[in-house]
S.K.: 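Quick one: the structure is below, and I'll ask about it shortly.
Both counts, for ligands and for their atoms, begin at 1 and track the order of listing.
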Amino acid sequence: MTDLIMTIEDDMVVPNFDAGIDDLPGPSQHSAKTKKAGKSKTAREPHPESSNENVEASDMCDDFVIDLDADNLQNVHHSLDFAMAKRSLRRQRQSGNYTNLEQRIAKHKSKLRRTARSAPDAESTQTEPSDKAKDREGSNEEAADTVETLTGNLSDSSDPDNQPDAASENDGSDEEQFFAAASDAEESSDLDQDAKPVAKATTKRHKKSPIDFKGLGFGSDSEDDAAEASDNSDIEQVPQSGSEASDAEAASEDEDEEKNDTSDAESEVDEQAEARKREYFGAIDTYTDVDLPESFNSMNLSRPIVKGLTQLGFTQPTAIQAKSIPVALLGKDICGGAVTGSGKTAAFVVPILERLLYRARSTAVTRVLVLCPTRELAIQCHNVAIKLAAFTDVHFCLCVGGLAIRPQEAELQKRPDVVIATPGRLIDHLRNSPSFSLDHLEILVMDEADRMLEDGFKAELTEIVKCCPRSRQTMLFSATMTDNVDELIRLSLDKPVLVQIDSAKKTARRLVQEFIRVRQNHEEDRPAILAALCAKTYRRKTIVFFRSKLAVREMRIVFGLLGLGATEIHGDLTQEQRLEALEMFRDGEVDYLMATDVAARGLDIKGVSTVINFNMPVKYSQYLHRVGRTARAGKGGRSVTLAGEEDRKILRLVMKNSPAENVRRRVIPPETIARYQDKIEKAKDSVAAILQEQQEDRELAKAEKEVNKAKNMIEFEAEIKARPAKTWFQTGAEKRQQKEASNLEYAAKFGGTKAVKPEKKTVSKHKKRKAVSQEDLAEQKSALKFIKSAKRANRPQRLSATNTIQRPSSMAGTQGAGKKKNKSRGGLDVGFTEDLTSTRKQGNGRQTTNAAGTKGKAAKGKRR
Ligand SMILES: Nc1ncnc2c1ncn2[C@@H]1O[C@H](COP(=O)(O)OP(=O)(O)OP(=O)(O)O)[C@@H](O)[C@H]1O
């Protein structure tokens, strides 16, 4: 490929302590040229995103990462060249002689600890209370309650009640030792960390290890492990064992064969991905000479855009914005990657708006298309775009599935400047909405591009891309981008610029990740662990992710019975119910949002303090997106994952890609689990009854919908028959097939992840049908029969380019969201959005949470 390719790399953001970093021998993946350029920038002021300094530094020196302030780091580098030492250590280890060097490292580390202890507490000067402080608040609240539960959560080793159930575990000693270590670490994080953050960082940083499972209590149960766990229990000793652990090769000496294999496989996969990336993006040359803008004002943006940004409180660009906006304004294709919550939405919306300010206004055409993988994400993106464009005359249209199609068609007929859509609905419009086309498209954006490529949208995307002019500018953004370079080639980016701020495997810098081990024979403990966690520790704005919809429904009922306000979001709900649930959670009406992965990507809900993974997701990228719902926009947050034995691979990736001081282990004492198990057991019958009731509700609602549909068909038969028959891009079965295939492809390519099991759609449908009463079934059948015959009657008619059949206004009036018809286009945009989000106004059977967690009476009342 002869394209001129430019890449902006991590080291373009200059951390506070660049001098120290630059002194390090650069890792091999950074070209000498880039390093040199990085050095030349050391005098520059810290970037607004310099809060990312440690993460970025860790990218540059992936083996030794120190979370220190500039002075300490310089001390370290001046006194010992760690990277060199590490290499020698490795060599000496191979020859069996490393005592001397280890002693040297140990000496320097203890010196470092001494320095760190005497160093002033940088973080304690923060105005915002730290997460730890907030947790401490929680702890105090808990103290009045069943204190042992909270301390139990943190496994207070001094409390006999909090000791692990030795009888039930075969590795009591190593667990006990480890609990002590975890407990110490956790408690000190609550009580001491603010006082000694540097000391903590110093001692724990060396635990950064790709394969330090023992550190999390996931190691084997051998005596050796127990001994090592014992070492780890003394936090001051961690660096010694940790320094070994931080060296992937060295650590592999202590790991079992399986771990070695996986580690090798992972690095091989990484190398392959890197090679593919380089092949596609060509020689890595650079943007290092470009002065990155440090404020929006210095980006030469127009006044209306700056006003929009200011109104949203965006004064300084985030790193991804600082790097990609200037490139996007040049009209170049972009492949942008930055950690979750880093402001990628504005990174593409701002240049779009800026460019649209200079559009020819004589003819209205759709010039920009933004594709999002989920409806909620598209709605959110639409809202952000409207706010940023508040002082411009740019018009938007939202086209997402699950909402009335007619109002969207009406909007599209007005040829909005920007269409924000989900792929399926967009294709529907492209095929069936008269006069809508992408012929004049200038910019195509794909948010969460990797998800769209990997998750069954590939064919749809290809179809959409085919409909766009080749001359367009294309921008792809995601927090987990790089694995899909092959797919990006297919999307024919033209001379793309890679704007990769953070590694595609990194979590947000201020995210603390906790793990709770669920032993092989204790899988049934999960509900009790979750209930205990939420009832006692994580009481506010918490999202809980599950693998299945049934699990979401069940746990929501359990939460209701335990008096915990929760709502749910998953694919079995109508779009209105999904939006309703989000709104309730956003507004703080409930504290818990129980979700499947439908809510894992992109959602930006202010103040989410905790994300809990009831199960570890099957892909590491899913994990990153899930935990990315907290710790956004530079704020702190916490994730808690219930990890089983089968989750080691993902856990290993977490360990490898997160600063060690941000990874914790949490232990919940068996008594607490038993207590909550008891409560859940007692509620079992109620849960079953409520589930049954919900199932019946759903079936009835479905039947009601079909009947209404049939009524409409009868009432408007002539008009409906006169319409052109819709054409579909893919059948449901084809789509499912493709999703399975792409998941398998992903698993085969990138290993370390499992293919998603094919959905058992037919079985569940069958079961559902069984549950419906005979009467409803008969009603449904006759309605469906009628619909089918009406459709059959329509079949010969096909959409043609010249077809301009007008829909009867009476039909448009039946679509709830389309009722508002503002005269000005701007008014329409806003009204449309309001209609979408304010589902209450539409009487859509708001989900209310009562003690039993059942859906609202509104729906039932409506039915009656
Ligand atoms: N320049 C800025 N200054 C302050 N806050 C910002 C800025 N840019 C974005 N934000 C805020 O950061 C948060 C995250 O932004 P956004 O949703 O665009 O992140 P993202 O990178 O797309 O996340 P994800 O990968 O999860 O989709 C939002 O609440 C947004 O308001």
Side-chain angles (χ1 to χ4, degrees), residues 47-52 128 292-299 301 305-306 308-325 334 336-353 370-374 376-388 420 445-452 475-482 499-511 541 543 545 582 586 595 597-608 611 621-637 639:
H47 190 271
E49 271 286 286
S50 63
S51 54
N52 279 338
E128 187 184 298
L292 289 173
E294 286 172 7
S295 76
F296 287 114
N297 286 329
S298 60
M299 284 183 179
L301 297 172
I305 314 272
V306 176
L309 285 162
T310 313
Q311 186 165 279
L312 279 182
F314 297 0
T315 46
Q316 284 187 311
T318 62
I320 184 76
Q321 292 162 0
K323 289 180 181 181
S324 55
I325 291 173
I334 289 182
V339 78
T340 50
S342 57
K344 292 185 286 294
T345 314
F348 60 78
V349 172
V350 167
I352 286 172
L353 295 178
V370 180
L371 288 174
C372 302
T374 64
E376 287 77 12
L377 190 50
I379 291 169
Q380 180 181 294
C381 180
H382 182 246
N383 285 335
V384 172
I386 283 180
K387 282 178 190 158
L388 283 170
I420 299 171
V445 177
M446 294 186 222
D447 196 11
E448 309 290 354
D450 60 323
R451 158 81 195 274
M452 290 202 278
M475 296 191 262
L476 311 176
F477 282 88
S478 179
T480 48
M481 177 68 83
T482 54
V499 184
Q500 187 73 42
I501 304 298
D502 310 286
S503 150
K505 292 178 179 171
K506 279 241 169 338
T507 49
R509 193 182 64 91
R510 292 188 60 202
L511 175 75
K541 275 244 163 137
I543 302 181
F545 284 104
L582 279 180
R586 201 169 255 146
D597 274 318
V598 76
R601 288 242 182 187
L603 289 187
D604 183 53
I605 301 173
K606 297 262 177 307
V608 173
V611 168
S621 61
Q622 271 172 298
Y623 173 84
L624 289 178
H625 286 285
R626 281 183 180 187
V627 299
R629 295 317 98 211
T630 184
R632 298 174 69 76
K635 299 213 165 57
S639 70

S.K.: The criterion is side chain to side chain contact (heavy atoms under 4.5 Å, CB included); which residues satisfy it with Ala599, sequence neighbours excluded?
M.R.: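 In terms of side chain to side chain contact (heavy atoms under 4.5 Å, CB included), with neighbours along the sequence ignored, Ala599 is linked to Phe545, Ile569, Ala595, Leu603.
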
S.K.: Among residues at least two apart in sequence or on other chains, which ones pass side chain to side chain donor-acceptor pair (under 3.5 Å) with Arg629?
M.R.: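 Not a single residue meets the side chain to side chain donor-acceptor pair (under 3.5 Å) criterion with Arg629.
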
S.K.: I'd like to know if the side chain of Gln622 and the backbone of Asp597 have a donor-acceptor N/O pair within less than 3.5 Å.
M.R.: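 Checked: no pair found.
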
S.K.: Between Asp447 and Lys344, is the closest basic N to carboxylate O distance under 4.0 Å?
M.R.: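 Here Lys344 does not pair with Asp447 in a salt bridge, since their nearest N and O are not under 4.0 Å apart.
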
S.K.: Do Phe348 and Phe477 have their ring centres less than 6.0 Å from each other?
M.R.: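 Judged by ring-centre distance (under 6.0 Å), Phe348 and Phe477 do meet the cut-off.
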
S.K.: Thr630: what forms a side chain to side chain contact (heavy atoms under 4.5 Å, CB included) with it, not counting sequence neighbours?
M.R.: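 Thr630 satisfies side chain to side chain contact (heavy atoms under 4.5 Å, CB included) with Leu511, Val608, Val611 only.
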
S.K.: Distances under 3.5 Å, N/O of ligand 1 against N/O of the protein: list each pair and its distance.
M.R.:
unit_1: ligand 1; atom_1: 1 (N); unit_2: Gln316; atom_2: O; d: 2.8
unit_1: ligand 1; atom_1: 1 (N); unit_2: Gln321; atom_2: OE1; d: 2.9
unit_1: ligand 1; atom_1: 8 (N); unit_2: Gln321; atom_2: NE2; d: 2.8
unit_1: ligand 1; atom_1: 17 (O); unit_2: Arg632; atom_2: NH2; d: 2.9
unit_1: ligand 1; atom_1: 18 (O); unit_2: Lys344; atom_2: N; d: 3.4
unit_1: ligand 1; atom_1: 18 (O); unit_2: Thr345; atom_2: N; d: 3.1
unit_1: ligand 1; atom_1: 18 (O); unit_2: Thr345; atom_2: OG1; d: 2.7
unit_1: ligand 1; atom_1: 19 (O); unit_2: Gly343; atom_2: N; d: 3.2
unit_1: ligand 1; atom_1: 19 (O); unit_2: Arg632; atom_2: NH2; d: 3.4
unit_1: ligand 1; atom_1: 21 (O); unit_2: Ser342; atom_2: N; d: 3.0
unit_1: ligand 1; atom_1: 21 (O); unit_2: Gly343; atom_2: N; d: 3.2
unit_1: ligand 1; atom_1: 21 (O); unit_2: Lys344; atom_2: N; d: 3.1
unit_1: ligand 1; atom_1: 21 (O); unit_2: Lys344; atom_2: NZ; d: 2.7
unit_1: ligand 1; atom_1: 23 (O); unit_2: Gly341; atom_2: N; d: 2.9
unit_1: ligand 1; atom_1: 23 (O); unit_2: Arg632; atom_2: NH2; d: 3.0
unit_1: ligand 1; atom_1: 25 (O); unit_2: Lys344; atom_2: NZ; d: 2.7
unit_1: ligand 1; atom_1: 26 (O); unit_2: Arg629; atom_2: NH1; d: 3.0
unit_1: ligand 1; atom_1: 26 (O); unit_2: Arg629; atom_2: NH2; d: 2.9
unit_1: ligand 1; atom_1: 26 (O); unit_2: Arg632; atom_2: NH1; d: 2.7
unit_1: ligand 1; atom_1: 26 (O); unit_2: Arg632; atom_2: NH2; d: 3.3
unit_1: ligand 1; atom_1: 27 (O); unit_2: Glu448; atom_2: OE2; d: 3.1
unit_1: ligand 1; atom_1: 29 (O); unit_2: Asp604; atom_2: OD1; d: 3.2
unit_1: ligand 1; atom_1: 29 (O); unit_2: Asp604; atom_2: OD2; d: 2.6
unit_1: ligand 1; atom_1: 29 (O); unit_2: Lys606; atom_2: NZ; d: 2.9

